[in-house]
Each structure stands twice: as C-alpha cells, then as structure tokens.
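A note on names: the letters A, B, ... follow the listed sequences, proteins ahead of strands, and every chain is numbered from 1. Quick caveat: nothing in here was measured; it's all calculated off a predicted structure.
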Amino acid sequence: MKELPKIYEPQKIENEIYARWEKSGYFNPDNIDSKETYCNILPPPNANGELHIGHASGYTVMDIFGRWARMNGKKTLLLPGKDHAGIQTQVVFEKKLQAEKGLSRQEIGREDFYKKTYAFCIDRADYMRSQEKKIGISADWSREKFTLDPDVLKTALETFVKMHEDGLIYKGKRIINWCPRCGTALSDVEVLHKETPGKLYFIKYPIENSTDFITVATTRPETMLGDTAVAVNPKDKRYSKLVGKNIILPLQNTIIPIIADKRIDLSFGTGAVKITPSHDPLDWEIGKDHKLEEIQIIDEKALITELGGKYAGLTVHEAREEIIKDLEKLNLLEKIEEMTHSVSICERCKTIIEPLTSNQWFINVDAKNFSLKKKAIEAIKKNEIEIFPNNFQKILIDWFDNMRDWCISRQIWWGPQFPVWYCTNSQLTTHNSQPKCSEPIISIEKIDSCPHCGGAVVQDENTFDTWFTSSQWAYTTLKSKEKDFEMFYPTNTMVMGRDLLFFWSSRMIMMSLYTTGKIPFKNLFFTGLVLDKDGHKFSKSRGNGIDPLTVIEKFGADALRMSLIMDSAPGQNSRLYEEKIETFRNFANKLWNISRYCLSQENFKLVEEISKEDINSEADRWITDSLNELIGKTNQLFESKQISVAADLLKTFTWNSFADGYIETQKIEKNDKVLGYVLDKLLKLWHPFIPFVTEHIWTLAGEKELLMISKWPAYEESKQAKTSSYFPFVLSLNKTIRNVRKEKNIESAKKIELWVETASASSEKVILENADFIKKSAGVSVIKFNEILIGGFIQRVVGECIIKIPLVGLIDVELERTKAEKEIANLEKFITGSSTRLGNKEFVSKAPEQVISQQKETLAKKQAELAELKKHLASLK
RNA sequence: GGGUGAUUAGCUCAGUUGGCUAGAGCACUUCUCUUACAAAGAAGGGGUCACUGGUUCGAGUCCAGUAUCACCCACCA
C-alpha cells in the first residue's frame, strides 16, 4: 500500500473524480436498469453571469437527494438547464454592449441584438456548466436544456396557442406596471414596494354652480390632469348630498362627476378621492365600473402627454412642482402634510413604476372553463404536492386567492416574440368587408403573408415574460423526448429558493395542471436564503459575496456542500462564513484519516456483509449495532427530507463512536473485518453529502465499481439487538481511569490496581469480559470486585459502579473533596426532583409504565452513588 | 393593514408525534506533537431554552397573549 498524505487535498482529486463519474455514463438514467425512477428538473440559472452561493446551496440539496435515489437503485435523472432571463439579460447585455462597443441596442437593431445576446448566453452557459460540475452535481448533461432551445420553445408556444383557443388569453388595454427605464410592462410580482417619505397634498376642487369646494388628498397631484371623477364612500354622510353633482377640474377646466364607491376609505385624508383611471390601479377598476373616461396624461417615458395641456413634455416631477405653484396661485391648495407611503419600484432597476393603461397580453387566471388558480389551490389543498416546509402551503394558497390576471407581454427584445401576426390590410379594410383580416393570426411557424387576403403581415412586437417559459419548465424539458416525459413526469422533487415561491412555484403548478393535467412535481422543497456572517444578503454593492469557486479551491467542494446544508431547516435562512466551511473541511480530513488508518491495517478491505461469526467482542457488537441503528435513522430522515439532521447524526457517529470509540479500542483488539464493514457503510451513507472524498477513499480501498452506484445500506431489524450495548460504559470506565492517571501524572509504564464496587451483575460481567482490553488500554494490573479497600485511594463513579484506585501518597485531599462535594450537590438536586415526581400520585397513575420504572431505576442508582460519595467524602479528612 | 419566521451557551445553530440532570460546532481555560489525524487528542468552564399566563402528572417542545428582530404580501389615494 502506497503512503497516503496526512492531509486530504481535494484540489488534487476532485476534477479527476468528476471526470470518472461523467465518463461512467451513470449520470444518464438510460444506463441504469430499473423500473423505479427519480427525477428532479434543476432550476435553470439565468444564463447571463455566473453561479453564486445561492445556486450552490440549491444544487447541493438536489444532488444529495439525487445521489441518494441513484444509490437506491432508481433510474435517476437530474436535468440541468439555463434560462434566457428576459429583462435581466437584456439589461446586462445592453450594459456590456455600451461598455465594450459604445453601442445601444437601437443602433444595432432588434435582429442583430437578439443574435448577439443569444451568443452571449450560450457562452455564459458554457462557463456556468463548468461551475456546476465543480460543485459535484450528478446531472445528465446530455439532456441539458436552454429555455430558447427550439424544441423547448415550441412546446411552450403551443401552450400559448392552446390557451388562446381556450379563451384563457386576451389582449387588452388595462392598467399595468410600467418601468420607464426598462421601457416595458411588468407583472405584479416584478414590482417591489418601498416605504418612502412623501407629501400628501390637499387640493380644493370647485363644485359646479356653487361656491363650495370638495377637498381631495393625493400624493401625486400631477395626475389630476387625468382625473375623470371624484369618488366618496356611499356611507360617508359628509358627502352624501354632493354625490351626483359635478366639479370643475382645476387647470384642465373640465367637468367631472362626483361618484360613490364602496372601495373608498372614509378615514383616509378627506374621504374624497380624485379618480385617475389611466394612472392608478384602483382608480382604473373604479373607472371601469363607473364607465369613466381614461385620459392618459403620462407617457411611457414618464413625461406628461399632449393631453396634459401646458404641462406637456415635463417630467412627472417637474409637472408636480408646476402644478402645486399654479394651484397655490389659484388658492386651491388647502394644505400639505408629511407622510410615508409605499412607492412601487422596478425589481430589476429600482426605477419608480408608473402605472398606466396599455395594450398588453394577459392570461386570465380565473377563467370559467379552466380556472388556473382554482385548480392550483385544489391540488395543493388535496396535498398532491408535499411542500417543505409545510407552512408555505398556506402562504401559497393565500397568494393564489388574491392573484390577478397575469400580464405576459414585455416590450423588450430579448426573449421569444409572440407568435401573433397582423395583416397590414386589416386597418384599411372595414370589419364587414374582410372580417378575417382584422383578426390576429396565431401561428408558431413564421408567416409571410395573410392567409385570407395574401397581404403583408407584421409580427406582434411583444416578447414573452420570462416566467411564461419558465413556468412550463417541468414538462418542456422532458417533452423533447416523449419517452422521458412518460417515464419521469410528474417529477419527484423540485428544489428552489424561497424567493421563488410566487414567481415560479405557483406558476409552474398552474401551467402544468393546465397543459398536462398533472402536477409538475410531488415534492416541493424550499431552501432559505444564504446570508453572510452578520445575517445580511450577499450583494455586489455590499461587497460581501462569497464565490463558490474560490471556496472550492480553498476548502474543497465537499466542505462547501456540507456548510451549505448543515444547521438549516427547509425554508429557513442560514449563514455562511469561512470558519464554518473550515469545520467541514476539517471533517473531510478526519474521514480521510480514519480511512488512512483503516487502509494501513494488513489485509484491510471494505466488507459488504458480515456474519455473527465475525463479531468477536463487545466493542464489535456495539459498533455494528449502533451502525445498524444509524442506518435506520438516516433512512427515516432522508424520507422526511431532514438531510441536515441526518448529516449531523452521521457526523457524531463517525467522529465520536467510530473514530474515538471503536478505532481506539480496536487498536488493542483488532478486528479488520468489522472495521472494513463499518467503513464500507459509512462511505455509502456519506456519499450523497460529500461525494468526492468518499469516492476517492472507495477507490483507494481497491473497489473497482464506483461508489456512486453502490447499494445504499438498508436497516436490518433482525440484526438489531434488543438491549443496548454496555460498551459505552467500558469506554467511559477506560476514560475515567486514564483521566485519573493523567491528573496524578502517573507514567504510562506504571500499572495501577482497579477496585470495583457494584451491585450490578451485568456491569461486573461486562468488565470481566473486557478485562483484557481495560488492562491494556488503561494500564491496569488487576481488577477486584466488591472487596474492602483501606487506605488512600481515588474514587470515581462510572455508570453503576464505584471505582477505587489505590494511590497511596498521591492524593490531593482538597481537590478530591471539592470534586466529591460538587458531585454530591448535583446528585442531591436530581434526587430531590426525582423523588418529588415519584411521590406525586398523579404522576404515578398517569405516566406510562416505562417512564415510571425508568425514573425509579435511575433514582435508586443515584441514591446508591450518593451514599458511596458521602462515605468517600467522610474518609477524606 | 394582513401574513410568516426567528428569539436555546460569548458567536452560529440543532433539538418532528411533550418524558431521565437541554445538545453540537466555533470561541475560551488547562494539558498533550502517544506512529490515522495539531485541519488532532484529552479534560474543563459557560444556558432561569425572550417574557407572561394556560393545558398537562410532566412543556425548549402544545395553546393564548406580550416584546424585540427579520422577511413577505397589499389598490393607505
């Protein structure tokens, strides 16, 4: 056996191991022969940058479940991909274009811009794929998809066609969120709200044919140019007489009505609200119900339109100042109050959103023939999808309940254009003469001329919302091979960050139910956000980012994986920092050294199965039994998706039981077969978490096949002993003796005597059985039971035994007294509590038998210990 | 305004059907380079489980309320 380095060096082996996995072909489910399948479609990162720590976190979770499934013999598919990420990528690439070539997208034109952005994405995707491999994802790269791949896109567009036929899609003028900087409409979820200090302006509107006024309060006085009504609550007695009358809108001098609407809050401002249907969502709703005119006075660049009269061309801000000045001159400004209110901003560029009416494409999410949101709610309520953490279920249902129609058109260039064509003759001909030409033509294939009149056609300028394609990802990816779709859909697991709850998970559920009639995934697992040491989000502006590749280079991929999943429950945020990663680097090294020790044993090899004959000692019984128990618990925890608890359990077993306990013991009582058996199982159990180091050790141990496809350990009930092993007692006995030796500075060559007092026959038996081991490892010459020892000795309590070590002349009476007193205090506290409980009739009558007998047993034991200790204390004078 | 989560050792966090004296890692103190491992080993200190009530024989765990923090949602003009 060649000499192995003391320190595990992940940098030297990880790439090679990944290459072996890939070459083996087992990432591809086609090469696994099984009837059972497992599928996780990986969330596609935006193909415009690089991986960040959040991606690494999600990927780790997915890969852990994936590798677990594969080792359980399932045809396992982790399907990777990339997202074109419409607006975001357009913003990123425009900046790049400007910085590198000094060109705007308008200067190179739509077609060229699209081509260049596409090439950019493909390039980034290549780089990102290499990053994903570094993390160790066992994904099938032969099936990798991009949201704009022709086959993927075709399926997505077919959904659009079908939805259009089913009447779930309409194009109409509605109020939408408009980002003036991005120059596009945004859906509700793409808008953020920010509490901002502002002013509330109270403006007097003169009542027609009267000298009276009605005062309205507004934070946006400039929108009054587009007012078409003033509304009050019908229950508001202050204004009931005015409803039905008209006012003269100042500055514009138009006549508009005073209306009653129950959506108006009596308690806010003056209770009277100016209604601007074109520039406020609620006003738009009210305007629609009252059939009010819509006057667009703000354009798509956030400038006042021609309809704004003398203010035309001003920015919103300028117009506001001018209007306030003019109102003051007219003596129509009653007062200004300071207030904070929430301002809508663009999720991508933080520009203030202008609500305005615009002609956009919408999905009706609550159609009569197929209510997307109701179907989704129904599936969730029936628990067809299990959600981790479970309480996200309610949040999701609430969100669906309040969901409004989904605006799917964007006025950007990057992304799939609507497959909709208009005949250029449609505007020239009357509706009656050529009805069909005025209808839009929906066609996935490119159209050159109008099928009705042969005239020229133009394609709809709009581009799809990114989430329109992403929401179909669960099946568009699989549908490019019909066999895959049949085999893997619905998928087993979806893992995503909690920030995607509304953006993505919700829409995937809706769209999948519509298109396939089935849920997209059976399990929906949310990861929390990864934060820095102080609990802040990682961000470029804060400069606190942790680059996954740097971490991998420094500590290894295994350490990164562990640090991302440990100490975190589903949906909970977790923190990441170097010291934490270091502890898992240290753990990988520990496992490495454990293995190094094992491999250094003569004739060592990994052992798949052992029989009863192979178990020689109490230590062997204990470790194999504990291991079996560990396997059982690990499997349960995997089933319930508690991987961090499972990893914690594995770590405790590996470090404390196996390394510190069994290996130390077995240096004296060798049993390489058990050693090989435990290591075999541990490498398998650890593999999903830390695939690189385990695979490496596996190979060094002489295994020819890959660990990645080895058989996952099964709990064997028949093997499990009825009672737990006494061996931990031997270990602690040993430890206590060694500790005494150390305290008293007894040189290792000097043997000591061990006098044991115990009423427990089983303890005595165990000590006798392990006498050789105790003698050798603790330097004991002779062991005596229940004999009277006179003279100086040190006394300790171990389990059900009092041990005495004669050490004439070496006893520090003061120290011994202190120790004894402290222990006595502890015991008395426990005994008091325990006796009180046992004296309580209710406890005795109501608690389960097992709890009571256990309590009694412990109490008796502790009382005996206490008596001994008191005797001992008395002897120490 | 509505909702969710958090609150356990100096720090970061586990603790899933309520049951022996509440755990881990890091940090700290003391000792040890003993041939798997100093990225380690041994020993040790450190906690009224945010607060107040309730249910229960028994509560870190269940219920109600309070406080502080974080996040999310919302058409507060």
Side-chain angles (χ1 to χ4, degrees), chain A residues 4 6-8 175 188-189 193 200 216-220 223 231 263-265 267-276 280-286 339-342 355 389 391-392 394-395 398-399 402 404 498-499 501-502 528-529 531 533 535 555 559 566-569 571-577 579-580 582-601 637 640 642 644-645 648 651-652 659-660 663-664 667 735 738-739 742-743 748 826-827 829-831 833-834 837 840-848 850-852 854-855 857-859 861-862:
Chain A
L4 298 174
K6 277 188 177 188
I7 305 263
Y8 169 60
I175 191 138
D188 292 339
V189 282
H193 301 273
L200 187 62
V216 297
T218 180
T219 52
R220 302 200 54 193
T223 61
R263 283 164 285 196
I264 304 301
D265 181 357
S267 59
F268 188 90
T270 61
V273 186
K274 57 190 275 312
I275 301 295
T276 322
D280 181 276
L282 178 63
D283 292 4
W284 188 79
E285 300 264 338
I286 292 175
M339 72 170 300
T340 57
H341 63 134
S342 119
N391 61 304
F392 278 29
K394 212 176 133 257
I395 300 175
D398 284 352
W399 186 82
N402 297 313
R404 299 193 297 176
R498 58 181 296 168
D499 50 330
L501 182 68
F502 304 134
L529 262 47
L531 307 172
K533 194 172 187 178
F555 299 107
M566 284 304 288
D567 294 344
S568 76
Q572 288 302 345
N573 295 346
S574 66
R575 301 187 184 190
L576 185 71
Y577 40 89
E579 296 93 307
K580 188 166 166 182
E582 234 176 73
T583 66
F584 294 109
R585 185 263 323 252
N586 294 355
F587 176 74
N589 193 53
K590 183 74 185 182
L591 186 64
W592 169 252
N593 274 296
I594 288 170
S595 309
R596 214 157 68 89
Y597 171 79
C598 293
L599 292 171
S600 73
Q601 303 305 300
L637 290 166
S640 58
Q642 294 173 269
S644 90
V645 183
D648 193 50
K651 189 169 166 229
T652 307
D660 298 344
I663 289 184
E664 290 307 315
K667 282 178 182 171
K735 201 188 248 184
R738 284 172 158 193
N739 200 20
K742 216 170 79 177
E743 258 174 46
S748 48
N826 259 343
L827 282 170
K829 194 177 144 205
F830 174 77
I831 288 166
S834 184
R837 202 171 307 160
N840 185 332
K841 279 180 195 162
E842 301 255 29
F843 173 69
V844 178
S845 64
K846 287 182 183 170
Q850 202 197 347
V851 173
I852 296 170
Q854 218 166 41
Q855 188 75 228
E857 220 175 276
T858 314
L859 180 62
K861 216 154 68 180
K862 297 291 170 188

ask   = Which dot-bracket notation, 5' to 3', represents the base pairing of RNA chain B when pairs are defined as Watson-Crick or G-U with both distances under 3.5 Å, crossing pairs as [ ], and inter-strand pairs as |?
value = (((((((..((((.....[...)))).(((((.......))))).....(((((..]....))))))))))))....
Under 3.5 Å, which N/O atoms of the protein pair with N/O atoms of nucleotides 40-49 of chain B?
residue, atom, partner, partner atom, Å
B:A40, OP1, A:N586, ND2, 3.2
B:A40, O3', A:K590, NZ, 3.3
B:G41, OP1, A:K590, NZ, 3.1
B:G41, OP1, A:W655, NE1, 2.3
B:A42, O2', A:K742, NZ, 3.1
B:A42, N3, A:K742, NZ, 3.4
B:A43, OP1, A:K735, NZ, 3.4
B:G45, OP1, A:K822, NZ, 2.6

query = Counting side-chain heavy atoms from C-beta on, which of B:G25, B:C75, B:A77 comes nearest to A:L282?
reply = B:C75
inquiry  = A side-chain contact here means heavy atoms from C-beta on lying under 4.5 Å apart; do A:L4 and A:W592 qualify?
reply    = yes
request  = Keeping the roles fixed (side chain from A:E285, backbone from A:P281), state whether a donor-acceptor pair exists under 3.5 Å.
outcome  = no
message = Under 4.0 Å, heavy atoms only, any strand: does A:A659 hit a base, just the sugar-phosphate, or nothing?
response = base
ask   = How many Å lie between OH on A:Y597 and C1' on B:C37, as a whole number?
value = 13 Å
Distance, C1' atom - from B:A67 to B:G23, rounded to whole angstrom = 27 Å
Pairwise P distance, B:G19 and B:C63 [rounded to whole Å] = 15 Å
remark   = A:T223 and A:T276 have their tightest heavy-atom pair at O-CG2, 3.3 Å
key: Between B:G3 (P) and A:H193 (NE2): distance, integer Å   = 18 Å
ask   = What is the distance, rounded to the nearest whole Å, between atom CG of A:L599 and atom P of B:U35?
value = 19 Å
query = If you look at every strand shown and take non-hydrogen atoms under 4.0 Å, does A:P848 touch a base, only sugar-phosphate, or nothing?
reply = base
key: Minimum-distance nucleotide (side-chain atoms of A:V645 versus B:U56, B:C13, B:A14)   = B:A14
query = Could you give the CG-to-C1' distance, from A:N402 to B:G1, as a whole number of Å?
reply = 13 Å
request  = Give the C-alpha distance, both sets of side-chain angles, the deciding distance and a yes or no for side chain to side chain donor-acceptor pair (under 3.5 Å) between A:R837 and A:N840.
outcome  = CA-CA 5 Å; A:R837 202 171 307 160; A:N840 185 332; over 6 Å; no
message = What's the separation between atom CZ in A:R263 and atom CG in A:D283, rounded to the nearest 0.5 Å?
response = 10.0 Å
query = Is there side-chain contact between A:K735 and A:R738, with at least one heavy-atom pair below 4.5 Å?
reply = no
ask   = Can you check whether A:K580 has a side-chain N or O nearer than 4.0 Å to OP1 or OP2 of B:C13?
value = no
key: Length of the line joining A:N840:CG and B:U56:P, which is rounded to integer Å   = 13 Å
ask   = If we take the C1' atom in both B:G47 and B:C28, what is their distance in whole Å?
value = 16 Å
ask   = If you check the A:R596 side chain, which of B:C75, B:C37, B:C20 turns out closest?
value = B:C37
message = Looking at A:I831, is its backbone amide N or carbonyl O close enough to the side chain of A:S834 to form a donor-acceptor pair, meaning the two atoms are under 3.5 Å apart?
response = no
inquiry  = Return the NZ to CG distance between A:K651 and A:D648, rounded to the nearest 0.5 Å.
reply    = 7.0 Å
ask   = When you measure from the side chain of A:N593 to the backbone N and O of A:N589, does any donor-acceptor pair fall under 3.5 Å?
value = yes
request  = Ignoring the backbone of A:F830, work out which of B:C75, B:C20, B:U56 is nearest its side chain.
outcome  = B:C20
inquiry  = Strictly below 4.0 Å: does A:R575 bring a side-chain N or O up to OP1 or OP2 of B:C13?
reply    = yes
Closest nucleotide among B:U12, B:U4, B:U21 to the A:K394 side chain = B:U4
ask   = Side chain of A:Q601, base of B:A36: donor and acceptor closer than 3.5 Å?
value = no
query = When rounded to the nearest Å, what value does the distance between C1' atoms of B:U56 and B:U61 take?
reply = 13 Å
inquiry  = Over 60° means perpendicular and under 30° means parallel, so tell me whether A:W399 and A:F502 are parallel, tilted or perpendicular.
reply    = parallel
query = Any side-chain heavy atom of A:F843 within less than 4.5 Å of one from A:V851?
reply = yes
key: Distance in Å, A:N586 CG paired with A:Y8 OH, rounded so as to fall on 0.5 Å steps   = 13.5 Å
request  = Can you tell me the distance, in whole Å, between the CG atom of A:D648 and the P atom of B:U12?
outcome  = 18 Å
message = At 4.0 Å (heavy atoms only), tell me whether A:L200 reaches a base, stays on the sugar-phosphate, or touches nothing.
response = nothing
Residue-phosphate contact under 4.0 Å: A:R404 side-chain N/O, B:C75 OP1/OP2 = yes
ask   = For the pair made of CZ in A:F392 and P in B:U4, what is the distance, rounded to whole Å?
value = 12 Å
Pull out every protein N or O sitting under 3.5 Å from an N or O of nucleotides 61-63 of chain B, one pair per line with the distance.
none

Rounded C1' spacing from B:C11 to B:G3 in Å = 31 Å
ask   = Out of B:A77, B:C37, B:C57, which nucleotide sits closest to the side chain of A:F268?
value = B:A77
inquiry  = Does A:D280 form a side-chain contact (heavy atoms from CB on, under 4.5 Å) with A:I286? I'd like the steps, not just the answer.
reply    = CA-CA 10 Å; A:D280 181 276; A:I286 292 175; over 6 Å; no
ask   = Mapping A:I395 and A:S834 onto RNA chain B by nearest heavy atom, which one lands closer to the 5' end?
value = A:I395
inquiry  = At less than 4.0 Å, is any side-chain N or O atom of A:K6 found next to OP1 or OP2 of B:C37? Yes or no.
reply    = yes
message = Ignoring hydrogens, what is the shortest heavy-atom contact between A:M566 and A:S644? Give both atom names and the distance.
response = SD-O, 3.7 Å
query = From the list B:C75, B:A39, B:C57, which nucleotide is the closest neighbour of the side chain of A:E842?
reply = B:C57
query = Taking atom P of B:C20 as reference, at what distance in whole Å does atom CD of A:Q850 sit?
reply = 11 Å
query = How far, in whole Å, is B:A9 from B:C26 if one measures between their C1' atoms?
reply = 12 Å
Nearest-Å distance once atom C1' is located in both B:A43 and B:C51 = 37 Å
request  = Pick the P atom in B:C57 and in B:G15, then give their distance to the nearest Å.
outcome  = 28 Å
inquiry  = Side chains of A:F392 and A:I395, heavy atoms from C-beta outward: is any pair under 4.5 Å?
reply    = yes
